[in-house]
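Whatever order the structure lists ligands and atoms in, that order sets their numbers, starting from 1.
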Amino acid sequence: MAFPARLGVGLVLATLSVGCRAADPFAQSNLRATPKRGAVVAEHPLAAQVGVTILNMGGNAADAAVATALALAVVYPQAGNLGGGGFALWVPHEGDPWSLDFRETTPSGYGTDLYLDDKGEVVGHRSVRTPLGVGVPGSPQGLFELYKVHGSKSLTFASLCAPAIALARDGFTVDAWLARDLRREPARKRLMSDPAARGLFYPGGDALAEGEILVQPALARTLERYARGGQAAFYKGPTAEALVQTLKEADARQGGIVGDRHMSAQDLASYRVKVRKPLVGWFRGHQIISMGPPSSGGLALLQVLAILDGFPLDDDRNRVRRDRDLGVAVPAEECGLSARSAHWLVEAMRRAFADRAQHLGDPDFVEVPVDRLLAPEWIADRRISIGERSDPGVQAWRSAAPKESFQTTHLSVIDKEGNAVSMTTTLNTTFGSGIMVGDAGFLLNNELDDFSLAPGVPNTYGLVGAEANRLLPGKRPLSSMTPTVIREGGGRVSLVIGSPGGPRIITSVIQVILRVLVYEQTLEDAISAPRLHQQWKPEWTRMEGGWPASLLETMENQHGQELRVEPDNKFGSVQAILIPDTRVPEAVSDPRRGGRAAVQD
Ligand code: GLY
């Protein structure tokens with residue numbers, strides 16, 4: 001296998017060679033060592049446990065990821081799904097990484113005109129809580145494809161579906177997170193206005209409470225058909241018919257905006273996942289593998305790391321080392337990041353999100369200049385434009401700060417052979433559109449809100465976009481999902497990571513990677529540390545609670561940063577596995593949410 005060349009300091013876009021195979025350069029080194037155990041981390045303890053059970057049965061990382069994702073579709077309806085989409089990254093212990101795009105597509109009858117009122121203004125809620133938000137789901141085909149291409153084949157597809165079917169048929173105990181999310185607006189109102197969702201989640205009119213048992217017989221039947229027939233049993237036949245009928249009825253209830261342009265059986269039958277070339281770059285001797293367009297996550301991650309690589313982050317790291325050597329306690333929340341580094345980080349994020357808004361979209365429809373955006377000259381240009389003061393740019397558009405939500409979910413898996421899966425999947429906002437396919441028991445996404453419906457008009461996350469991300473039939477909306485795997489020196493997998501959180505996915509993943517790779521924090525400390533978020537528009541930077549007051553003051557006074565501290569908000573929910581030199585995986589589910597890490601005995 002040939003590895004991408006590393007050109008000097010910094011980060012380069014690399015091309016993976018598929019030509020003749022050279023001798024394995026790592027054969028004799030610990031860069032080829034396998035982990036001592038497999039591990040799974042996901043946003044629900046039952047789902048993580050399902051993944052480890054599959055590993056214990058002899059399944060590999062792909063098998064475990066599929067079973068975990070299906071379990072999430074049952075026990076984590078806020079984001080786990082059959083009716084949504086996502087991205088999966090498969091990074092084998094040896095060989096080329098592979099990425100799968102199972103993002104939703106726009107139904108063939110939809111056009112931006114459907115989202116506008118008589119005056120040509122975007123009617124915001126149409127892309128969020130009506131059938132106009134619902135893209136053709138990709139998850140059922142995506143999970144089946146991952147199993148088919150990379151599953152161990154020691155287990156049948158039906159056996160990967162079996163735990164999810166049992167959880168849906170026999171029920172599971174509602175946890176505090178689901179109970180809370182069902183009570184929260186605007187998801188509650190959305191779900192209450194859908195007859196099937198109301199019946200399932202609000203029996204008698206009240207939200208299910210923590211400790212109650214949620215049984216989902218319709219979903220169990222859908223999963224049974226899927227287990228028997230694979231992806232075809234979702235995109236054709238009773239499940240597909242129920243989905244189309246549900247959207248027709250929802251449109252009629254909401255005034256018949258879509259009319260006869262609704263999602264059709266043909267839209268479902270013609271849905272296809274796409275195998276995409278992963279984005280690969282380097283940062284300080286670590287090979288970073290992440291998702292390319294139509295996700296913006298990998299590109300923004302690589303850009304930010306490359307820009308930052310030119311700044312003396314090591315000064316901060318060395319200060320921490322010195323303090324530790326002198327026995328001075330260094331608070332975990334501060335660890336490594338001085339106000340100056342935080343300022344550089346904000347400015348690097350600002351620049352990456354500006355490129356995102358202008359240039360990124362579905363590569364099947366627009367040319368995304370990935371190489372140019374990662375070119376050393378462009379990165380250098382971006383880097384030298386960062387000075388001592390904040391640089392919010394000239395377009396002073398402002399939106400209300402987007403509300404925090406956990407709409408998306410991430411799972412990370414490593415198996416004992418050293419293969420990794422990093423998968424992020426979503427319904428978009430929490431519980432998606434709130435529209436439930438009653439006869440089939442699953443919720444539908446509102447992913448089409450990720451398009452830029454009109455130039456400069458922000459979506460639900462306050463993100464603006466341009467022509468590159470304009471809605472067109474068959475097109476996939478731009479995403480922020482950032483499933484990522486890091487290989488130490490290009491050899492063994494050393495970190496599997498990802499997060500939910502809309503655009504905060506990108507910035508959460510960046511900050512944890514920096515804290516682990518540069519600031520030498522443990523994975524647990526790196527994930528627990530407070531986060532910041534900058535996305536170009538709006539120009540201010542959002543700060544979680546917990547940052548030292550002195551850092552905030554210096555960022556504001558010395559670097560001119562406009563900061564908004566949001567003590568009640570949490571950014572992202574990182575699910576990551578670190579494989580250190582001991583080869584015993586350290587799996588951490590973000591304490592911001594109720595997920596769980598499960599490691600094989
Ligand atoms: N729907 C959130 C994302 O794809 O970024």
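Contact atoms of ligand 1 toward Met481: 4 (O), 5 (O) (distance under 4.0 Å to a heavy atom of the residue). Heavy-atom contacts of Asp450 reach the following atoms of ligand 1: 1 (N), 2 (C), 3 (C), 4 (O) (cutoff under 4.0 Å). For ligand 1 and Ser480, the ligand atoms under 4.0 Å from any heavy atom of the residue are 3 (C), 4 (O), 5 (O). Against a heavy-atom cut-off of under 4.0 Å, Arg103 is close to the following atoms of ligand 1: 4 (O).
The ring of Tyr235 has its center no closer than 6.0 angstrom to the ring center of Phe144.
The closest non-hydrogen atom to atom 1 (N) of ligand 1, taken over Arg476, Arg504, Glu447, comes from Glu447.
With Phe431 as the aromatic partner, Arg190 does not meet the cation-pi criteria of under 6.0 angstrom to the ring centre and within 45 degrees of the ring axis.
Checked against a 3.5 angstrom limit, the closest N/O atoms of Thr408 and ligand 1 fall outside it.
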Next item on the list: Take Asn446 and Ser433 through the test side-chain hydrogen bond (donor to acceptor under 3.5 Å, both in side chains) and record every step on the way to the result.
Entry: CA-CA 5 Å; Asn446 52 6; Ser433 62; 6.0 Å; no

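Note on Asp590 versus Arg592: salt bridge recorded, some NZ/NE/NH1/NH2 to OD/OE distance being below 4.0 Å.
By the 4.5 Å heavy-atom criterion applied to side chains, Cys161 and Leu223 are not counted as neighbours.
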